Participant: 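Below are the structure tokens for one structure; questions will follow.
It should be emphasised that the depicted structure is a prediction, and the values quoted were computed from it without experimental measurement. All ligand and atom numbering here is 1-based and tracks the order in the structure.
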Amino acid sequence: MGIPSMRELMRIPVFNQEGATGWGITNESRRVLGDSVKFLNGDTHHPHISMTDGSYDGKYLFINDKANTRVARIRLDIMKTDKITTIPNVQAIHGLRLQKVPHTKYVFANAEFPIPHHDDDIVNDGRGMENPEGYYTMFNGIDAESMEVAWQVIVDGNLDNTDADYTGRFVASTCYNSEKGMTLQDTMRAERDWVVVFDVEAIEAAVEAGEFKTLGDSEVPVVDGRKGSKLTRYIPVPKNPHGLNTSPDGKYFIANGKLSPTCSIIAIDKLPELFDDAIEPRDTVVGEPELGLGPLHTTFDGRGNAYTTLFIDSQIAKWNIEDAISAYNGEEVNYLRQKLDVHYQPGHNHASLTETKDADGKWLVVLSKFSKDRFLPVGPLRPENDQLIDISGEEMKLVHDGPAFAEPHDCILGARRPDQPQEGLGPR
Ligand code: RUQ
Ligand code: CA
């Protein structure tokens, strides 16, 4: 889509069959789909553009398929899917982000659901189902060039969303099911769940040193990152965190509360000390601003402000990160800058270039999961609503409503010519 026109320019079929271009029907596209051609659908959530030195390099876009546990790559020079990989030993690839620095060597992908492992080896073959204690899930590192799975890391709890830092060493994921509950209620019992931080260098060293096993038919090295492992640290945060977003200055991981009205600000420069066991996990949390009901995802303007979707309140909360940290330290300062109504029930939001060090604070797109009164009635299924917000000034301004077919989950805003100096978006 074009920004700010919000016009659709092209559709790129990935996991589904598409009659218009023959995707999934022609021999060429069936070769790309490979073994997974047997699936006729997908459930895409998270598109992300490859990076070099923390800036989009415009080479690839990667996207997950939660329904059938796959990751796909789209070549951005021709806007076509060129590789699809099924991730073994796990179920439901959800959170997906890319290594930012020094370049996108890895695609990081969370498998959401703990699944049964019989004798800690056989995966999900029907045995061991009566013992949820034996279930686990894994964090996956995929080689961005070969699209082979490089390694998998067993974790405690489950994995929801994820993001990487600007040193290349750390990746953080939210866990909402530290309870390992097998019903919805059971996943909401604990007051706190956690953010798990992965040390990518330590994982690579463990694989190199042969400290891994393999599962079933798969040859992918599997390392153990459960509590007590040197590969991970677990940071307690309030109830059922969801989105995980790295600030473009590289300083913070922000975990979005979902069932808590807060976001937790984790200082990335404290993580080396945490891995050295010099400080406690909660010592890395430097702020926990109260924002409103149902914080899901946060995006940034590169001027120190964060923009968080509030699913229940149907608002975007704009807040200042350093002020939220001062308030957490006991100073009387109002970190909230503005709340803007959106229409309605926003999930993801995304500001221009926000996942890179070039965040330019120009545009914000918010993906609203309901539209109700915004468009003509069209039967029981209403369009959803991609809204465009101008964030270039002090005040957020809603400038466009865009009806969209179900379910546009997430988006990413890049420059049209990322190979040229980044001047943000717009015609050049
Ligand atoms: S995460 S539910 Cu994008 Cu809010 Cu998939
Ligand atoms: Ca929970």
Participant: Can you tell me if an N/O/S atom from Ser178 lies under 3.0 Å from the Ca ion (ligand 2)?
Facilitator: no

Participant: Work out the angle at the Ca ion (ligand 2) between OE2 of Glu179 and OD2 of Asp193, rounded to 10°.
Facilitator: 120°

Participant: In His409, what N, O or S atom is nearest to atom 5 (Cu) of ligand 1, if we give its atom name?
Facilitator: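 Nearest N/O/S atom: NE2.
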
Participant: side-chain contact (heavy atoms from CB on, under 4.5 Å) for Arg70 and Asn64? Distances and angles first, verdict last.
Facilitator: CA-CA 6 Å; Arg70 291 176 289 179; Asn64 70 305; over 6 Å; no

Participant: Tell me whether the NZ or CZ atom of Arg73 lies within the 45° cone about the ring axis of Phe62 and under 6.0 Å from its centre.
Facilitator: no

Participant: State whether Glu145 and Lys59 are salt-bridged, where the test is any N-O pair (Lys NZ or Arg NE/NH1/NH2 against Asp/Glu carboxylate O) under 4.0 Å.
Facilitator: yes

Participant: Below 4.0 angstrom, N of the basic side chain to O of the carboxylate: do Asp163 and Arg97 qualify?
Facilitator: yes

Participant: Could you tell me whether Asp125 and Arg127 have a side-chain N and a carboxylate O separated by less than 4.0 Å?
Facilitator: yes

Participant: Do you see an N/O/S atom of Thr187, backbone or side chain, under 3.0 Å from the Ca ion (ligand 2)?
Facilitator: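 Yes, Thr187 qualifies, because one of its backbone or side-chain N, O or S atoms lies under 3.0 Å.
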
Participant: Suppose we only allow N, O or S atoms; which atom of His45 ends up nearest to atom 5 (Cu) of ligand 1?
Facilitator: ND1

Participant: Under a plain distance cut-off of 3.5 Å, with no hydrogens placed, do Ser55 and Thr356 share a side-chain donor-acceptor pair?
Facilitator: no

Participant: Tell me whether the Ca ion (ligand 2) has Asn240 as a neighbour, meaning an N, O or S atom of it below 3.0 Å.
Facilitator: yes

Participant: Any atom of ligand 1 sitting under 4.0 Å from a heavy atom of Asn161?
Facilitator: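 Within the 4.0 Å threshold, so yes.
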
Participant: May I ask you to check whether His46 and His348 place their ring centers less than 6.0 Å from one another?
Facilitator: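 Yes - the distance between ring centres of His46 and His348 falls below the 6.0 Å cut-off.
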
Participant: Strictly under 2.8 Å, is any N, O or S atom of His348 next to atom 3 (Cu) of ligand 1?
Facilitator: yes

Participant: Could you check which of His242, Glu112, His46, His94 puts a non-hydrogen atom nearest to atom 4 (Cu) of ligand 1?
Facilitator: His242

Participant: Just to be sure I read this right, does ligand 1 sit under 4.0 Å from the backbone of Lys66, its side chain, both, or neither, counting only heavy atoms?
Facilitator: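 Neither; no heavy atom under 4.0 Å.
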
